[in-house]
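All figures in this text were calculated on a predicted structure; none of them were measured in a lab.
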2 protein chains.
Amino acid sequence: MDRETRVTVDDHRALRLWLRLLTCSQLIERHVRSRLRGRFGTTLPRFDLLSQLERHPAGLKMNELSRLLMVTGGNVTGIVDQLVKEGLVERLDDESDRRAWRVRLTRAGDKAFAEMARAHEDWVAELLAGVPRRDSDALMQLLARLKQATLEKS
Amino acid sequence: MDRETRVTVDDHRALRLWLRLLTCSQLIERHVRSRLRGRFGTTLPRFDLLSQLERHPAGLKMNELSRLLMVTGGNVTGIVDQLVKEGLVERLDDESDRRAWRVRLTRAGDKAFAEMARAHEDWVAELLAGVPRRDSDALMQLLARLKQATLEKS
DNA sequence: CCTGAATAGCTCAAGCCTAAAGTATCTGCC
DNA sequence: GGCAGATACTTTAGGCTTGAGCTATTCAGG
């Protein structure tokens, strides 16, 4: 196999890996979305945002949320607006920077999230129940390396 | 470790796997989206639809596209409408079913897609260049099994 | 102190996506 | 043939997401 053919083959390999990754991701995502809607009348983005806030009890600035969720700032604005309206989240003035907010879970938000998180975890565990532990350990490692390699190129 | 604790640990394992999968998928997806927009002024959904049509030169019905792309029918309607307007795709009457269309690439669509596909493959290959062949082979296999296990639960 | 660049956040238009409801057609069964 | 249910597709309302452009604030150098 000459050099050019090899390049092409490797290109295909990368492409097929990406497509398969996407398929797996979408399969799980659709499942979770559908259940979040059906059981809690909410959406994945809202859930993800609450989830980040739950991990950071002191609150997060809008741009920190934006970075963690890997979405644009405008998007975060919209979702936070909704969650504030629903009483799950509050915007506090940032003491040290008058441009910024500190967004935090309200008590109601914390409670609502806890219930959703439990269910969410169950759904995912059930969906992936057929994946043997050996596979999932291996996947965690390989995906960590893939993530690292990708980040270095981004 | 008693049974209940084990369940919880496995739940966390599944959850963490799903989150990592999602992160990897999003990293690549954002990269590709941004380049499709920048270089070709198009979007990933449009590209995916063209890609399916390219694999099926005889054309596909709307519901086949819907199934292959894992999106709803209404969504496919919208994207096909756009691609028709742009002249990349054509809707032909299905001979055997007057409710259905047969959607096909036009010559212009075929040409445009070929160029995008080449670039797309290069982007992905470059982004994943740091993933050793051994890793990517292993990932392909493991993800195939994960996909299978997930499909059986859906 | 001032001023220009950087940063935090918001708004807007446009496109993606879904679920639900609606129309047209097909198919199987009597 | 005719009718009931299934199927193919479209439409609509509502939410997500982006990129671009906007204001207000901060910060660093002169």
Side-chain angles (χ1 to χ4, degrees), chain A residues 22 25-27 29-50 59-86 88-103, chain B residues 22 25-27 29-50 59-86 88-103:
Chain A
L22 185 58
S25 185
Q26 285 182 340
L27 274 173
E29 196 170 327
R30 286 171 58 81
H31 193 83
V32 169
R33 273 183 203 280
S34 148
R35 274 166 174 66
L36 274 176
R37 165 181 293 260
R39 166 111 180 254
F40 295 109
T42 192
T43 64
L44 191 52
R46 277 175 171 86
F47 177 81
D48 284 343
L49 198 150
L50 293 178
L60 288 168
K61 294 198 298 181
M62 299 294 277
N63 64 359
E64 292 172 329
L65 278 167
S66 166
R67 186 175 44 77
L68 288 168
L69 298 170
M70 297 200 283
V71 299
T72 57
N75 193 352
V76 173
T77 297
I79 298 175
V80 169
D81 282 352
Q82 300 228 12
L83 292 172
V84 167
K85 209 173 294 174
E86 295 168 15
L88 303 182
V89 145
E90 58 191 347
R91 272 190 175 100
L92 308 172
D93 288 327
D94 185 311
E95 306 277 324
S96 63
D97 187 339
R98 273 187 298 167
R99 295 168 303 177
W101 303 103
R102 186 143 294 274
V103 181
Chain B
L22 184 59
S25 186
Q26 285 182 341
L27 274 172
E29 196 169 328
R30 287 169 59 81
H31 193 84
V32 169
R33 273 184 202 279
S34 149
R35 274 167 175 65
L36 274 176
R37 165 181 290 261
R39 164 110 180 253
F40 295 109
T42 192
T43 65
L44 193 51
R46 277 174 170 86
F47 177 80
D48 284 343
L49 198 151
L50 294 179
L60 288 167
K61 294 199 296 181
M62 300 293 278
N63 64 358
E64 292 173 329
L65 278 168
S66 167
R67 185 175 44 77
L68 289 167
L69 298 170
M70 297 200 285
V71 298
T72 57
N75 192 352
V76 173
T77 297
I79 299 176
V80 168
D81 282 352
Q82 300 228 14
L83 292 172
V84 167
K85 209 174 293 175
E86 296 168 15
L88 302 182
V89 144
E90 57 191 347
R91 272 191 174 100
L92 306 172
D93 288 328
D94 185 311
E95 305 277 324
S96 63
D97 188 341
R98 272 186 300 167
R99 295 169 304 178
W101 303 103
R102 186 143 292 276
V103 182

In a table with atom names and distances, give each donor-acceptor pair under 3.5 Å that connects a side chain of residues 71-81 of chain B to protein atoms at least two apart or in another chain.
unit_1 : atom_1 : unit_2 : atom_2 : d
B/T77  : OG1    : B/G73  : O      : 3.3
B/D81  : OD1    : B/R91  : NH1    : 3.0
B/D81  : OD1    : B/R91  : NH2    : 2.9

- line: With B for base contact, S for sugar-phosphate-only contact and - for none (protein heavy atoms under 4.0 Å), nucleotides 11-16 of chain D reads B---SS

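- Atoms NE2 (A/H31) and P (C/dT18) sit 16 Å apart, rounded to a whole Å.
- Rounded to an integer number of Å, the gap from A/R37 CZ to C/dA20 P is 7 Å.
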Below 3.5 Å is the cut-off: list the nitrogen or oxygen pairs between protein and nucleotides 3-8 of chain C, distance only.
unit_1 : atom_1 : unit_2 : atom_2 : d
C/dT7  : O2     : A/R99  : NH1    : 2.3
C/dA8  : OP1    : A/N63  : ND2    : 2.8
C/dA8  : OP2    : A/N63  : ND2    : 3.1
C/dA8  : O5'    : A/N63  : ND2    : 3.4

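- For D/dT26, the OP1/OP2 oxygens have a side-chain nitrogen or oxygen of A/R98 closer than 4.0 Å.
- Dashed line: the shortest gap from a side-chain N or O of B/R102 to OP1 or OP2 of D/dC9 is not under 4.0 Å.
- Considering only residues two or more places apart in sequence or on other chains, B/E29 meets the side-chain contact (heavy atoms from CB on, under 4.5 Å) condition with A/W18, A/L22, B/S25, B/R33, B/L44.
- Note on the helix from C/dC1-D/dG30 to C/dC30-D/dG1: angle between the axes of the first and last five pairs equals 10°, rounded to 10 degrees.
- For B/R102, there are no side-chain hydrogen bond (donor to acceptor under 3.5 Å, both in side chains) partners at least two apart in sequence or on another chain.
- By the side-chain contact (heavy atoms from CB on, under 4.5 Å) test, A/D97 is found to be paired with A/D94, A/R99, A/A100, residues two or more places apart in sequence or in another chain being considered.
- Considering only residues two or more places apart in sequence or on other chains, A/R37 meets the side-chain contact (heavy atoms from CB on, under 4.5 Å) condition with none of them.
- Residues satisfying the side-chain contact (heavy atoms from CB on, under 4.5 Å) criterion with B/E86, sequence neighbours excluded, are B/R46, B/Q82, B/L83, B/L88.
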